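Lettering of chains follows the sequences in order, A, B, ..., and the numbering in each one begins at 1. Quick caveat: nothing in here was measured; it's all calculated off a predicted structure.
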Amino acid sequence: MSHNLARTSRPHELASRLNSGLRSAIISAIGESAATTDPAIKTAANPKFGDFQANFAMSLAKSLGKPPREVAQQVIDAAPQSLIDICEPFEIAGPGFVNIRLRAQVIAEALTEMDCPALGISNANRTHTVAVDLCGVNVAKQMHVGHLRATIIGDTIARLFERLGWRVHRQNHLGDWGLPIAMTLAALRRARVDLDRVTLDDLNTAYRNAQAEGRDDEAGLAAAHATQVGPHRVAELEAQHEGAAAAIADAHDTLRRLQSGDTIVVADWQKLIDVTMREVYETARMLNVELVPEHNRGESFFRDRLAPTVDAFVHANLATRDAGALVVRFAGRERPLLIQKSDGTSLYATTDLAAARYRLQDLGAELVVYCVDARQRDHFKDVFDAVQLIGWTKRPDATHATLVHVPFGAVLGADKRPLKTRSGENFTLKALLDEAIARGRREVHARAAIPDSPTSSMSSAELDAIGQAVGIAAIKYADLSSDVGRDYVFDLDRMVSFEGDTGPYAQYAHARIAGILAKAAAANAVSGAITIDTPEERALALNLLRYPGAIEDAASQLAPNRIAAFIYELANTFNAFYQACPVLRGVDESTRASRLHLCELTRRVLADALSIMAIAAPSRM
RNA sequence: GUCCCGGUAGCUCAGUUGGAUAGAGCAGCAGAUUUCUAAUCUGCAGGUCGGUGGUUCGAGCCCACCCCGGGACGCCA
C-alpha cells in the first residue's frame, strides 16, 4: 500500500548524512558511472554490527566484475571528511557489508537538534491537501466493530497528515439517503412512532424489520420468475407478500416525498439522523476520535450531484447502455461499473463518483484516502479507474491527484468467523467499548489497591478515568498495531493483558517516565547536555532519532501499524534503559542531567506518537 | 467460472527498494526486586517461511504452476 507522496529530504538526519557522504565516496572511488548507485543504508540488523549498514558493495561489485569486499574497501578509502568526522572507523563484514558506527558525540548533537517542538518532523506542508473518508455509518443502524475500524483507522490517518502539516478534510460518508432509509422511515411513520423519543435501538430494529420485509418480497418474486412458474403462481406469491408489497410501495412513496422536499417527511428524516449521530458522536468522543457534524458528507449531500455525474460520463462517451442500465467499461476487465439502474435511478457507485469529484475538484485534494472494508476492493478499483478515465484527477498544475483505498480486514471471534454475540447478532461497538473500559478500570483499581503503588492515593473517579483510558487504548492499539488490511481475532484478554505489544504497555512506559520527571522536579534536578555512554543510552537515542522517518513512512504507506511498531520499539528500549541506567540515584550530576534529558525527550516522543493514534498518555497508572 | 487478498514458532503477529544466523509478544522453562512504578527486565527453548520449479552472488520478499483458507463478482451499500 503506497501512493506518490514525495518523501521530503532530511539533511539534518543522520541516515541522510550517511547517504550523501557515501554517495560521493562511491562516485570518487568508482567514477560518474556509479552516480546512480544507492548506498543502500539500513539500520544495522544487529547492534553488534554497529548502528547502520551500507549494502551497496554487492550489487556494485557485480557490474564492476570485482570482489564485493574490494569494492567496499575502495569506497571507504574515498570517504569524504564530512563522513569520516561523524563515524567510527568503518568495518567490512560478511560478503561486503559496510558496518557503520556513529560517534557518540554526533548522536548527542542530533538529539539536541531534534529537541524542538516539532520533534524533528517537518510540518511545512500547508500547500498539501488530503481528504480522508472515514467512519461511514448508516443512519438508523447501530455502530458495530466494522465502524470501529473505519473510524479509528481514518482518524489516525487524518492525524498523521495533520501532524505533517497537511490540510486535512475528514469526510464522513454517511448512508443517509435512498430506499433503505425510506423503508425504515416509512415503517416508523406507519407505526406512528414518536420520533422525538425514539432510541437508536428502536431505529435499528425498525431498519432490520423493514429490510427483512423488502427482501422477503423481492426474494419470493425473484424465485417465482426464475423458476418460470406460471402467472397464477406469481399472483399467488404476490398475494402472499401483499403486506410486503404495500410496505415497499409506501417506502417508494416516502422516498419520493423525501426527494421532493416534503416538509414533514424531511423533518422526520432529520430526526432519524439526529438520533443516529448523537450516538456516533458520543462513541467518537469515547474513542478520542475527532468527528463532528461539519465532517458529514453523506449520500444526501451528493443527491443533487448524481445526475450531473452520470451526464458527465455520458457526454464523455464513457457510459454505455446495457439492458437499460448505464455502465462504464474498462479495457481488459470483464466487470463493468454500473452507474445508473435501468429505472433511471442511481446507486452507490454514482454517489462515490460524485463524492470523488467533490473531494478532488471542490476540496482540491491531491490525495483522497478511503478507509473502507476490504470487501469493497473491487468496487473502489472500478470507481478510481472511472475517475481516472474521465480525467477528474487532473489538477490545475498538471499533476495528478491520487485516490487510495486503505482496505481493512474483518474483526473475527475466537472461532475465526466474523465476531458475533452468542445469539448470533453483531456486537454493537458500544457494548464492546463498555466491556473494555470495565476491564481497564478493574486492572487500574487492582493496581491502586497495592500499598505504595503510585496510584494508591488517587480517588475512585480519577482511577476510573485512567481505567477508561487504558481500556480504550487496549482496543485501539490492538486494532491499529497490525497490518490493517488483514483480519484479526478480537481477544479482549490479550488486548487488556498489559504485557507485550499492547497499548497499556506503551502507556506504562510513558507513566514510568512521567514518574521520574515528577520526582526530578520535586528534587530540583534539571536536565542538561546529553552524553551517550552505555549501550542502553545509545539504543534509546538511536530509536528517538528514527521518529521523524517512522512518521513519514507511516504516512507515505498509509500504515498506522508503523506508528505502533515505532512506539513499541521505543517503549522497549526505554524499559531496557530504565533497568540498566539509574537516572536520579547513584549517578553524578552531569550523568543525571543527560539521562533526564533522554527521559524528557522519550516522554515527549511517546506522547506525540500516541497522540497520532489518539491514545491517551496518563502520567500515572 | 473470472478476479482479489492471505498462508511465517503451539497461539497472535512483525519482517521497508531482495542482504549477515527469519524477528517480537503470549504460552513454557530458568533468573533479576530492601526498585527512579515488577503492568518491568535478562536468558533458554521453540521454524521444511503452504508446496514445487525458476530468476539471482544472495529469495519469506521477484516470476510460473499447484494446494489450502477467506472475499468480490451490473441494477444492495
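The interatomic distance linking A:Glu299 (CD) with B:C76 (P) rounds to 14 Å, in whole Å. At whole-Å resolution of the value, CG in A:Asp487 and P in B:U12 are 12 Å apart.
You won't find any donor-acceptor pair under 3.5 Å spanning the side chain of A:Arg620 and the base of B:U37, going by distance alone. Counting atom types as modelled, A:Ser482 pairs no side-chain N or O with a base atom of B:C13 as donor and acceptor under 3.5 Å.
Taking the six-membered ring wherever Trp is involved, the centroid distance between the rings of A:Phe384 and A:Tyr370 falls below 6.0 Å.
Residue A:Leu347 is classed as a sugar-phosphate contact, given heavy-atom separations below 4.0 Å to backbone atoms only. A:Arg333 comes within 4.0 angstrom of no nucleic acid atom, judged by non-hydrogen atoms across all strands.
Taking a pair to require two hydrogen-bonding distances under 3.5 Å in either a Watson-Crick or a G-U wobble arrangement, B:U12 pairs with B:A24. In a base pair of the Watson-Crick type (N1 to N3 plus N6-O4 or O6-N4) or a G-U wobble (N1-O2 and O6-N3), with each distance short of 3.5 Å, B:G18 is matched with no nucleotide. Across all strands shown, B:U55 has no partner, as no Watson-Crick or G-U wobble contact with both distances under 3.5 Å is found.
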At under 4.0 Å between heavy atoms, which parts of nucleotides 18-28 of chain B does protein reach? Answer with one letter per nucleotide, 5' to 3': B base, S sugar-phosphate only, - none. -BBB--SSSS-

Find every protein N or O atom lying less than 3.5 Å from an N or O atom of nucleotides 3-9 of chain B, and list the pairs.
| residue | atom | partner | partner atom | Å |
| --- | --- | --- | --- | --- |
| B:G7 | OP1 | A:Arg486 | NH1 | 3.2 |

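Take A:Tyr508 and apply the side-chain contact (heavy atoms from CB on, under 4.5 Å) test, not counting sequence neighbours, and it matches A:Arg512, A:Met621.
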